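No experiment lies behind these values; they were computed from the predicted model shown. Chain naming here is simple, since letters A, B, ... match the order of the sequence lines and numbering starts at 1 in each.
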There are 2 protein chains.
Amino acid sequence: MHLDSKKIFYHDATPLLIAVDCIIFGFHDGELKLLLFKRKIEPFKDKWSIIGSFIKKEESVKSAASRVLKKHAGLQNIFMEPLGCFGDVERDPGARVISQAFFALIRIGQDEIKTVNTHQAKWFDLDLIPELILDHNQMVNEALEKLRRKTRYSPLGFELLPKKFTIPQLQKLYEEIYQKKLDARNFRKKILAMNIMIKLDEKDKTSSKKGAFLYSFNQKKYEKMMDKGINFLL
Amino acid sequence: MHLDSKKIFYHDATPLLIAVDCIIFGFHDGELKLLLFKRKIEPFKDKWSIIGSFIKKEESVKSAASRVLKKHAGLQNIFMEPLGCFGDVERDPGARVISQAFFALIRIGQDEIKTVNTHQAKWFDLDLIPELILDHNQMVNEALEKLRRKTRYSPLGFELLPKKFTIPQLQKLYEEIYQKKLDARNFRKKILAMNIMIKLDEKDKTSSKKGAFLYSFNQKKYEKMMDKGINFLL
DNA sequence: TCAAAAGTGTTCAAGTTACACCCATGT
DNA sequence: ACATGGGTGTAACTTGAACACTTTTGA
């Protein structure tokens with residue numbers, strides 16, 4: 001490396017504040033939900049917002065997002081991917097801040113319900129999302145669009161369900177995402193034809209007397225299917 | 001606004017260098033091409049790279065990308081959209097720099113050919129892309145994936161063709177993007193069925209004696225089609 | 001007159017949609 | 001015994017894929 005030249009190249013650039021913000025979706029009791037946080041500090045104290053943090057010099061953008069999810073929401077090893085960059089000059093009246101938004105999907109279990117209380121957070125129904133600070137409503141809208149688009153052609157939906165789930169649960173999830181009723185026979189046929197789930201010897205009886213068989217998603221079978229050039233498509 | 005509180009909230013954040021980088025695709029003589037630039041300054045002087053610049057405090061991320069396209073490549077009013085954020089700590093050995101990549105499509109005409117010379121740039125065939133600086137090869141690969149994905153379900157391809165184009169030209173473009181031969185009858189049938197192009201009373205005779213009718217893309221018809229819930233799909 | 005690209009329909013297979021009844025079980 | 005959600009097959013329709021010949025015209 002030519003250290004001197006490097007300085008010549010970089011010296012007139014202005015460093016800026018850059019943050020990550022995480023849009024977190026969950027699915028519980030047949031409802032698709034968004035996790036929002038009550039801001040603890042000024043400005044906008046006590047307003048609802050998605051969770052975020054400034055990026056530190058010694059961490060990657062992605063690790064910043066992981067840190068936020070872990071530290072501020074108690075979430076670890078969950079599905080997460082970049083959504084987009086929000087970079088208008090005036091988006092944050094407090095300072096020039098560029099934000100990289102991330103999009104996370106979680107299985108809502110007992111732990112995640114506790115999380116909500118210890119972090120001043122709340123799960124919101126998608127049609128009851130309050131006004132959020134800055135451009136956070138726009139971020140949420142874009143995240144929702146991405147969720148709707150991407151769940152059609154990749155098995156993202158499984159990230160929102162427990163490891164063991166029933167076909168009616170899976171169908172309900174898709175109905176929530178697409179906001180429309182699906183035909184039970186066709187749905188079943190299609191998803192089973194892909195051969196990416198393992199039928200377990202257990203039934204879930206929480207929502208019917210007969211009980212519905214539990215399945216688990218099989219990542220390996222999914223990858224095999226992809227290798228053969230067959231695509232997930234719902 | 002509570003100016004004091006704002007300061008409390010933002011004072012411990014570290015500003016970082018943030019750049020935009022633009023991946024520029026073009027189509028000429030039946031070939032899909034990538035525009036690369038010979039870097040004028042150290043470090044990595046004279047290596048091939050995609051074009052970029054640091055973001056200034058008084059411009060949005062998007063305007064930074066527009067500025068780069070205009071100033072460094074002489075391009076204006078072209079299709080451009082965000083590709084993704086590249087934020088590894090060590091991606092640039094010169095400093096911690098986060099980069100927001102953009103993806104641009106242009107019609108290669110006479111002006112664009114001049115541009116190439118005045119800006120030390122060169123159009124590269126996609127299978128002859130040289131080694132680029134930093135993570136630029138990765139950016140290009142992701143841009144290509146996006147191009148392939150997105151041209152299937154949105155009429156992005158038209159951005160790469162002249163305003164007036166023939167159906168064989170359009171087909172050639174898609175064959176280049178997907179790297180496979182398409183059936184001329186089926187292609188024609190499908191694209192015409194969408195009813196989003198206007199047939200002109202002119203023929204292009206540059207590639208055959210018989211000549212092929214020229215068409216133009218009709219944005220309004222396309223929007224009408226979308227409104228009706230019919231999607232572009234090739 | 002011939003070479004070279006433009007333009008045109010039909011058939012078959014595959015996939016998608018619509019639709020109605022029996023099953024298992026807890027109360 | 002009955003109410004509730006789980007589970008199953010078939011027929012009509014739509015869409016995608018395969019395939020070969022005629023037309024035009026400049027050289």
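Distance CG (D183(B)) to P (dT11(C)): 17 Å, rounded to an integer number of Å. K205(A) has its NZ atom 13 Å from the C1' atom of dT4(D), to the nearest Å. Summarising the geometry, the separation between CZ on R152(A) and C1' on dT16(C) is reported as 12 Å, rounded to the nearest angstrom. For the pair D204(B) CG and dT25(D) C1', the computed distance is 14 Å after rounding to whole Å. The NZ-C1' distance, from K199(B) to dT8(C), rounds to 11 Å in whole Å. In this structure, F187(B) places its CZ atom 12 Å from P of dA6(C), rounding to the nearest Å. If you measure from atom CD of Q169(B) to atom P of dG7(C), you get 11 Å, rounded to the nearest angstrom.
Not counting sequence neighbours, the partners of Y178(A) by the ring-ring contact (aromatic ring centres under 6.0 Å, His included) test are Y174(A). Residues passing the side chain to side chain donor-acceptor pair (under 3.5 Å) test with K150(B) are E81(B), sequence neighbours excluded. With sequence neighbours excluded, no residue satisfies side chain to side chain donor-acceptor pair (under 3.5 Å) with S207(B). Partners of K203(A) according to the salt bridge (Lys or Arg N to Asp or Glu O under 4.0 Å) rule, which considers only residues two or more places apart in sequence or in another chain, do not exist here. The salt bridge (Lys or Arg N to Asp or Glu O under 4.0 Å) search around D135(A) returns R91(A), not counting sequence neighbours.
A heavy atom closer than 4.0 Å to some atom of DNA chain C occurs in no member of residues 170-181 of chain A. Within residues 208-217 of chain B, the residues approached by DNA chain C to less than 4.0 Å at the level of any non-hydrogen atom are S208(B), K210(B), G211(B), A212(B), F213(B), in residue-number order.
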Hey, can you pull the donor-acceptor pairs under 3.5 Å for the side chains in residues 210-221 of chain B, sequence neighbours left out?
residue	atom	partner	partner atom	Å
N218(B)	OD1	K220(B)	N	3.0
N218(B)	OD1	K221(B)	N	3.1
Q219(B)	NE2	E223(B)	OE2	3.1
K221(B)	NZ	N195(B)	OD1	3.4

Using a 3.5 Å cut-off and no angle test, enumerate the donor-acceptor pairs between side-chain atoms of residues 118-131 of chain B and protein atoms at least two apart in sequence or in another chain.
residue	atom	partner	partner atom	Å
T118(B)	OG1	T115(B)	O	3.1
H119(B)	ND1	T115(B)	O	3.2
H119(B)	NE2	K71(B)	O	3.4

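K180(A) and E175(A) are not joined by a salt bridge, as no carboxylate oxygen comes within less than 4.0 angstrom of a charged side-chain nitrogen.
Sorted pairs that involve residues 27-38 of chain B and meet side chain to side chain donor-acceptor pair (under 3.5 Å), not counting sequence neighbours, are lacking altogether. Sorted by first then second residue, the salt bridge (charged side-chain N to carboxylate O under 4.0 Å, His left out) pairs that include residues 185-196 of chain A, not counting sequence neighbours, number zero.
Between R185(A) and dA18(C) there is no side-chain N or O to OP1 or OP2 distance below 4.0 Å.
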I'd like a list of close polar pairs between nucleotides 15-17 of chain D and the protein, N/O only, cut-off under 3.5 Å.
none

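Ring orientation note: the planes of F158(B) and F165(B) are tilted relative to one another, at an angle of 30° to 60°.
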